[in-house]
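Reviewing the structure listed below.
Labels below follow one simple rule: chain letters A, B, ... track the order of the sequence lines, proteins then strands, and each chain is numbered from 1. No experiment lies behind these values; they were computed from the predicted model shown.
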2 protein chains.
Amino acid sequence: MTQTARQDNAAAAAAPETGIERLYSSELANETEFLAARARSVGSRRANEDLAALDLKVRSYSVLSLACSGLKPSQRELAEFLFLDPSQIVALVDALEKRGAVKRKADPRDRRSNIITPTAAGKRLYAEAAAIVQNAGNSALGALSPAERDQLRSLLRRVAFADQQPA
Amino acid sequence: MTQTARQDNAAAAAAPETGIERLYSSELANETEFLAARARSVGSRRANEDLAALDLKVRSYSVLSLACSGLKPSQRELAEFLFLDPSQIVALVDALEKRGAVKRKADPRDRRSNIITPTAAGKRLYAEAAAIVQNAGNSALGALSPAERDQLRSLLRRVAFADQQPA
DNA sequence: TATTGTTATACTCTATAACTATA
DNA sequence: TATAGTTATAGAGTATAACAATA
């Protein structure tokens with residue numbers, strides 16, 4: 001609830017150094033690295049806030065989404081794909097399973113593996129969550145035209161998956 | 001130090017479902033939200049690894065960079081700009097000050113404020129660090145042409161700063 | 001009274017190692 | 001022996017509240 005009063009008055013003219021906007025001209029503010037971090041921060045903050053209505057976060061939403069993808073991912077695959085440790089996946093799947101959104105199923109070809117599939121309730125939850133996330137995303141990307149959003153997504157996709165190959 | 005052995009052998013052909021690439025086709029993998037998070041993850045992981053040689057991280061590098069910007073930011077401004085809590089800035093500035101890279105200086109116009117300025121050593125450190133970060137960034141963006149990198153940066157900039165206005 | 005910086009604290013996230021069951 | 005999942009734990013990151021100095 002911080003109300004940063006605008007200072008576009010006489011005092012501002014006397015002290016134009018006050019105001020964060022002046023930092024926009026810093027070198028840092030032009031590094032892709034920094035901008036990506038900040039853009040993600042803007043986006044996921046908003047998404048987390050909105051997803052709270054469904055008792056989800058971006059993390060659990062991601063797992064639920066992949067569970068609902070029809071691709072029958074194993075926990076190991078979720079970990080690799082989401083850049084998370086397998087032990088973190090355990091906790092995320094636990095929470096989703098406890099609320100009846102997903103099920104663990106032993107892979108018939110390798111009984112060590114747990115394949116994660118959604119329940120009917122899980123699919124409904126995902127539908128709601130996906131709408132919320134899309135909405136939050138649109139809001140975060142409000143400054144861009146539809147074409148620019150596609151462009152951004154396409155560029156990010158190439159960067160995000162360029163490193164996927166085993167190191 | 002996890003050496004994920006490549007599996008491009010007969011076993012891989014027998015189990016084509018193994019392999020994370022199939023998850024590229026999921027809905028999640030096409031959400032800008034997710035892609036931005038992942039792209040940032042790729043970039044900052046690499047940057048953090050490389051900056052370790054200077055005993056810096058992306059966070060402390062950001063503070064050092066702004067300190068060296070000539071814009072004479074206060075701690076409060078650093079907190080707002082970096083989306084960090086003022087108490088976190090304290091710790092970051094403490095560490096940089098302890099190693100002689102930056103100094104706190106009372107703002108003559110408001111003695112409550114600490115203006116963060118670099119020492120000569122801090123400027124040298126920043127020069128080295130900036131080269132490392134730029135290098136890491138280029139590596140992370142390796143899949144993109146120079147023009148595409150500019151495009152990405154420009155788009156990210158608009159998203160990253162769209163939300164800057166007081167909430 | 002409000003704000004900057006500080007400290008202390010708790011909570012979340014992340015990383016690591018050890019254990020089990022399967023292979 | 002190697003891998004998938006699990007558990008426990010420690011460390012880093014993040015958020016909150018209270019306090020001192022200054023405005």
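A cation-pi arrangement is absent between B:R38 and A:F161, since the terminal nitrogen or guanidinium carbon is not both under 6.0 Å from the aromatic centre and inside a 45° cone about the axis.
Distance B:D94 CG to C:dT6 P: 7 Å, rounded to the nearest Å. The separation between B:Q75 atom CD and C:dT3 atom P is 18 Å, rounded to whole Å. As rounded to whole Å, 14 Å separates atom C1' of D:dA10 from atom CD of A:Q88. In this structure, B:R40 atom CZ and C:dC13 atom C1' are separated by 12 Å, rounded to whole Å. Note: CG (A:N48) to C1' (C:dT12) measures 11 Å, nearest angstrom. To the nearest angstrom, C1' of C:dT22 lies 12 Å from CG of A:N114. Atom P of nucleotide C:dT12 and atom CG of A:L92 are separated by 13 Å, given to the nearest angstrom. In this structure, CG of A:L78 is placed 11 Å from P of D:dT6, rounded to the nearest angstrom.
Side-chain atoms of B:F81 and A:S26, non-hydrogen and from C-beta on, do get closer than 4.5 Å to each other. The shortest distance between side-chain heavy atoms of B:T32 and A:L141 falls below 4.5 Å.
When only modelled atom types and interatomic distance are considered, B:R153 and A:N30 share no side-chain donor-acceptor pair under 3.5 Å.
Salt-bridge annotation for A:D50 and A:R46: present, with a side-chain N of the basic residue lying under 4.0 Å from a carboxylate O of the acidic one. We find that B:E97 and B:K103 are not joined by a salt bridge, their nearest charged nitrogen and carboxylate oxygen being 4.0 Å or further apart.
In the set D:dG5, C:dT6, D:dA12, D:dA12 carries the atom at the smallest distance from any side-chain atom of B:K57.
With the nearest nucleotide of DNA chain D identified for both A:S113 and B:L84, A:S113 has the one nearer the 5' end.
For C:dT6, the OP1/OP2 oxygens have no side-chain nitrogen or oxygen of B:R76 closer than 4.0 Å.
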(message) Walk along nucleotides 16-23 of chain D from 5' to 3' and tag each nucleotide B, S or - by protein heavy-atom contact under 4.0 Å, base first, then sugar-phosphate.
(response) B----BBS
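Pairs engaging residues 127-138 of chain A under the side chain to side chain donor-acceptor pair (under 3.5 Å) rule: A:N138-A:R149 [sequence neighbours left out].
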